[in-house]
**Q** 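Let me begin by handing over the structure; questions about it come next.
Note that the numbering runs from 1 along the sequence shown for the chain.
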Amino acid sequence: DSIEAGSPFEAEFKIRNPKTKRERWIYEKANVEFDREGNAVRIIGTMLDVTRSKEQEIRIKRTLAQLRKAEEIAEIGYWEKTLNTGKLYWGDNKYKLFDADPSEGPVSRQDFFEQVHPNDRKAIYDAYLYAESGNDLDVSYRYKKSDGSFRTFREKAEVVTEDMTGTQALRGVTMDI
């Protein structure tokens with residue numbers, strides 16, 4: 001199809017040496033050259049052995065799947081908050097813990113505190129203020145789920161400073177205890 005259309009060709013595929021049975025991943029990219037009449041006269045391209053990077057990609061995908069499963073089994077959810085901007089990120093399982101819709105983003109601070117048990121609000125508010133001033137977080141609280149029941153969560157986070165930017169973030173987990 002690429003030859004007929006005159007468009008560049010890209011592919012990634014696996015080859016196997018019949019003697020050694022060793023497999024290699026290959027990336028190929030090529031362009032078609034045409035004569036004046038529009039006939040394809042040659043293909044110029046390159047092939048590159050990308051086995052190492054492909055194997056790393058496969059390992060990373062497998063590790064991410066394992067981490068997601070571990071979060072689900074342990075009923076924990078990852079989150080992080082950039083301290084200077086207030087930007088908040090929730091991992092997929094954090095949304096599940098809070099019965100929240102990922103397409104709407106993390107629950108707002110106001111909505112969050114409305115769902116925290118009234119007897120726990122001051123303690124968690126104080127703990128968040130302390131953490132947002134550059135300290136680690138370790139706090140437990142009761143949270144009202146969409147079905148009206150309360151679940152007890154524990155949040156632990158540590159302050160991390162990015163090497164390249166110096167930006168500080170709280171990185172932590174919420175655990176259903």
**Q** So, using side chain to side chain contact (heavy atoms under 4.5 Å, CB included) as the criterion, who are the partners of Gln56 when residues are at least two apart?
**A**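 Residues passing side chain to side chain contact (heavy atoms under 4.5 Å, CB included) with Gln56: Arg59.
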
**Q** What closest approach, in Å, do Val160 and Arg171 show between heavy atoms, and which atom pair accounts for it?
**A**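 It is CG1-NH1, 3.6 Å.
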
**Q** Starting from Leu88, can I reach Val116 by hopping between I/L/V/M/F/W/Y residues whose side chains sit under 4.5 Å apart?
**A**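 They do share one cluster, since a chain of ILVMFWY contacts under 4.5 Å joins Val116 to Leu88.
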
**Q** State yes or no: do Met175 and Trp90 share one hydrophobic cluster built from I, L, V, M, F, W and Y residues joined by side-chain heavy-atom distances below 4.5 Å, directly or via other members?
**A**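 Different clusters: Met175 never reaches Trp90 through Ile, Leu, Val, Met, Phe, Trp or Tyr contacts under 4.5 Å.
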
**Q** Which atom names give the shortest non-hydrogen contact between Glu10 and Tyr27, and what distance separates them?
**A**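 Heavy atoms only, the tightest pair is OE1-OH, 2.5 Å.
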
**Q** If I compare all heavy atoms of Arg154 with all of Ile177, which pair ends up nearest, and what's the gap?
**A**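 Distance-wise, the nearest heavy atoms are CB-CD1, 3.9 Å.
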
**Q** At their closest point, which heavy atom of Asn31 faces which heavy atom of Pro8, and how far apart are they?
**A**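 Looks like OD1-CB, 3.2 Å.
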
**Q** Are more than 12 heavy atoms, taken from residues, nucleotides or ligands other than Phe113, located less than 6.0 Å from that residue's CZ atom?
**A**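 Yes - once you tally the heavy atoms of other residues, nucleotides and ligands closer than 6.0 Å, there are more than 12.
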
**Q** In chain order, what residues pass the salt bridge (Lys or Arg N to Asp or Glu O under 4.0 Å) check against Glu114, with sequence neighbours excluded?
**A**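 Not a single residue meets the salt bridge (Lys or Arg N to Asp or Glu O under 4.0 Å) criterion with Glu114.
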
**Q** For Glu72, which residues count as a salt bridge (Lys or Arg N to Asp or Glu O under 4.0 Å) partner, sequence neighbours excluded?
**A**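 Partners of Glu72 by the salt bridge (Lys or Arg N to Asp or Glu O under 4.0 Å) criterion, ordered by chain and then number, come out as Lys69.
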
**Q** Starting from Leu83, can I reach Val173 by hopping between I/L/V/M/F/W/Y residues whose side chains sit under 4.5 Å apart?
**A**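 In one cluster with Val173: Leu83, no.
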
**Q** Give the ring-plane orientation class for Phe153 versus Phe98, where under 30° counts as parallel, over 60° as perpendicular and anything between as tilted.
**A**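 Ring orientation of Phe153 relative to Phe98: parallel.
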
**Q** Could you report the tightest heavy-atom contact between Leu170 and Ala157, atom names first, then the distance?
**A**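 Smallest heavy-atom distance, with atoms named: CD2-CB, 4.0 Å.
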
**Q** Which residue pairs pass the salt bridge (Lys or Arg N to Asp or Glu O under 4.0 Å) test when at least one of the two sits in residues 26-38, sequence neighbours left out?
**A**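 As it turns out, the salt bridge (Lys or Arg N to Asp or Glu O under 4.0 Å) pairs with a partner in residues 26-38, which skip direct neighbours, are Glu33-Arg42.
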
**Q** When you check the gap from the basic side-chain N to the acidic O, do Lys54 and Glu57 get nearer than 4.0 Å?
**A**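 Looking at Glu57 together with Lys54, the answer is yes, because their closest N to O distance falls below 4.0 Å.
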
**Q** Is the closest side-chain heavy-atom distance between Arg142 and Asn119 below 4.5 Å?
**A**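 With C-beta onward as the side chain, the pair touches.
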
**Q** Does Lys14 have any side chain to side chain contact (heavy atoms under 4.5 Å, CB included) partners at least two apart in sequence or in another chain, and if so, which?
**A**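 Result, side chain to side chain contact (heavy atoms under 4.5 Å, CB included) vs Lys14: Glu23, Trp25.
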
**Q** Which pairs, with at least one residue in residues 95-104 and sequence neighbours excluded, count as a salt bridge (Lys or Arg N to Asp or Glu O under 4.0 Å)?
**A**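 Matches after skipping sequence neighbours: Asp99-Lys145.
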
**Q** Side-chain donor-acceptor pairs under 3.5 Å in residues 128-136, sequence neighbours left out?
**A**
from: Tyr128; atom 1: OH; to: Glu155; atom 2: OE1; distance (Å): 2.9
from: Tyr128; atom 1: OH; to: Glu155; atom 2: OE2; distance (Å): 3.2
from: Glu132; atom 1: OE1; to: Arg109; atom 2: NH2; distance (Å): 3.4
from: Glu132; atom 1: OE2; to: Lys81; atom 2: NZ; distance (Å): 2.7
from: Glu132; atom 1: OE2; to: Arg109; atom 2: NH2; distance (Å): 2.7
from: Ser133; atom 1: OG; to: Tyr130; atom 2: O; distance (Å): 2.7
from: Ser133; atom 1: OG; to: Asn135; atom 2: ND2; distance (Å): 3.1
from: Asn135; atom 1: ND2; to: Tyr130; atom 2: O; distance (Å): 2.9
from: Asp136; atom 1: OD1; to: Val159; atom 2: N; distance (Å): 3.1

**Q** Do the side chains of Tyr95 and Phe112 join up, straight or via other hydrophobic residues, at under 4.5 Å, putting them in one cluster?
**A**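 Looking at the clustering, Phe112 is in the same group as Tyr95.
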
**Q** Would you please name every residue forming a salt bridge (Lys or Arg N to Asp or Glu O under 4.0 Å) with Glu158, sequence neighbours left out?
**A**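 So Glu158 forms no salt bridge (Lys or Arg N to Asp or Glu O under 4.0 Å) with any residue.
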
**Q** Quick check: closest heavy atoms across Ala40 and Val32, and the distance to 0.1 Å?
**A**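 It is CB-CG1, 3.8 Å.
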
**Q** Output the distance between atom OH (Tyr143) and atom CG (Leu97), rounded to the nearest 0.5 Å.
**A**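 It comes to 10.5 Å.
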
**Q** Is it true that, when you exclude Asp138 itself, more than 12 heavy atoms of the residues, nucleotides or ligands shown sit nearer than 6.0 Å to its CG?
**A**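 Enclosed: over 12 neighbouring heavy atoms sit under 6.0 Å from CG of Asp138.
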
**Q** Is the side chain of Asn93 donor-acceptor paired with the backbone N or O of Ile76 at a distance under 3.5 Å, no angle test?
**A**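 At least one qualifying donor-acceptor pair exists.
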
**Q** For Phe13, what are the other residues in its hydrophobic cluster, where any two members join if their side-chain heavy atoms are less than 4.5 angstrom apart?
**A**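 Phe13 shares its hydrophobic cluster with Ile15, Ile26, Met47.
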
**Q** Is it true that atom CG of Asn17 has more than 12 heavy atoms of other residues, nucleotides or ligands lying nearer than 6.0 Å?
**A**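 Yes, CG of Asn17 has more than 12 neighbouring heavy atoms, counting only those of other groups under 6.0 Å.
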
**Q** State the CD-CD distance between Gln115 and Gln110, to the nearest 0.5 angstrom.
**A**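 Between atom CD of Gln115 and atom CD of Gln110 there are 11.0 Å.
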
**Q** Distance from Ile124 atom CD1 to Leu137 atom CG, nearest 0.5 Å?
**A**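 The distance works out to 7.5 Å.
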
**Q** Going by the rule salt bridge (Lys or Arg N to Asp or Glu O under 4.0 Å), which residues pair with Asp111 if we only count those two or more places apart in sequence or in a different chain?
**A**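 With sequence neighbours excluded, Asp111 shows a salt bridge (Lys or Arg N to Asp or Glu O under 4.0 Å) to no residue whatsoever.
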
**Q** Test of understanding: with side chain to side chain contact (heavy atoms under 4.5 Å, CB included), list the residues that count as partners of Thr167, not counting sequence neighbours.
**A**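 Testing Thr167 for side chain to side chain contact (heavy atoms under 4.5 Å, CB included), a comparison that skips the adjacent residues, returns Thr82, Asn84, Glu162, Thr165.
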
**Q** Applying side-chain hydrogen bond (donor to acceptor under 3.5 Å, both in side chains), can you list everything that pairs with Lys21, at least two apart in sequence or on another chain?
**A**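 Lys21: no side-chain hydrogen bond (donor to acceptor under 3.5 Å, both in side chains) contacts found.
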
**Q** Do Thr174 and Tyr141 have side chains that approach each other closer than 4.5 Å (heavy atoms only, starting at C-beta)?
**A**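 Yes, side chains in contact.
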
